[in-house]
Amino acid sequence: RVLRLQTKRPEVDEIVTWLRGICDREGVSIKDQNALKQVALSADRLPRESLSLLEKIVFLREPLTTNLVKEIAQDNQESHDHGSQYTLDD
């Protein structure tokens with residue numbers, strides 16, 4: 001048997017508020033206030049994906065900007081599109 005849970009994705013503003021709280025607690029510099037909105041949109045309004053994207057950006061130790069979010073999100077998407085660079089033959 002399979003248990004299938006259907007949940008509603010949070011609104012962008014809910015994710016932004018949640019991410020802003022995380023940034024405040026962790027001392028993350030937000031240079032562009034639209035950057036968190038871009039994180040939520042780039043992550044398709046999925047909280048776990050939003051947090052993962054934010055972690056990648058914070059790892060760079062750069063101020064959070066919309067352009068940086070777009071760049072990291074695009075790189076992230078491209079790596080998913082190309083799949084793993086390793087095969088079983090390696």
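Just the heavy atoms: all of them, side chains too, but no hydrogens, waters or symmetry mates, feed the values below. Sequential numbering from 1 along the given sequence is applied to the chain's residues.
For the atom pair Ser42 OG and Glu49 CD, the distance stands at 11.0 Å (nearest 0.5 Å). The structure places CD1 of Ile72 at 10.5 Å from CD of Gln74, a figure rounded to the nearest 0.5 Å. To the nearest 0.5 Å, atom CD of residue Gln38 and atom CG of residue Leu68 are 11.0 Å apart.
Of all the heavy atoms in Ala35 and Val69, the pair that sits closest is O-CG2, 3.7 Å. Of all heavy-atom pairs spanning Ile15 and Leu46, the tightest one is CD1-N, 4.2 Å. Contact record, Val12 with Ala40: CG1-CB, 4.1 Å, taken as the closest heavy-atom pair. A pairwise comparison of heavy atoms in Val39 and Leu53 identifies O-CD2, 3.9 Å as the closest pair.
Pairs passing the salt bridge (Lys or Arg N to Asp or Glu O under 4.0 Å) check and including a residue from residues 12-37, sequence neighbours excluded, do not occur.
Considering only residues two or more places apart in sequence or on other chains, Arg9 meets the salt bridge (Lys or Arg N to Asp or Glu O under 4.0 Å) condition with Asp44. Here Ile30 pairs with Cys23, Gln33, Leu36, Leu64 under the side-chain contact (heavy atoms from CB on, under 4.5 Å) rule; sequence neighbours left out.
Alongside Leu5, the hydrophobic cluster contains Leu3 (criterion: ILVMFWY side chains under 4.5 Å). Listed by chain and number, the hydrophobic cluster partners of Phe59 come to none, as no ILVMFWY side chain reaches under 4.5 Å of it.
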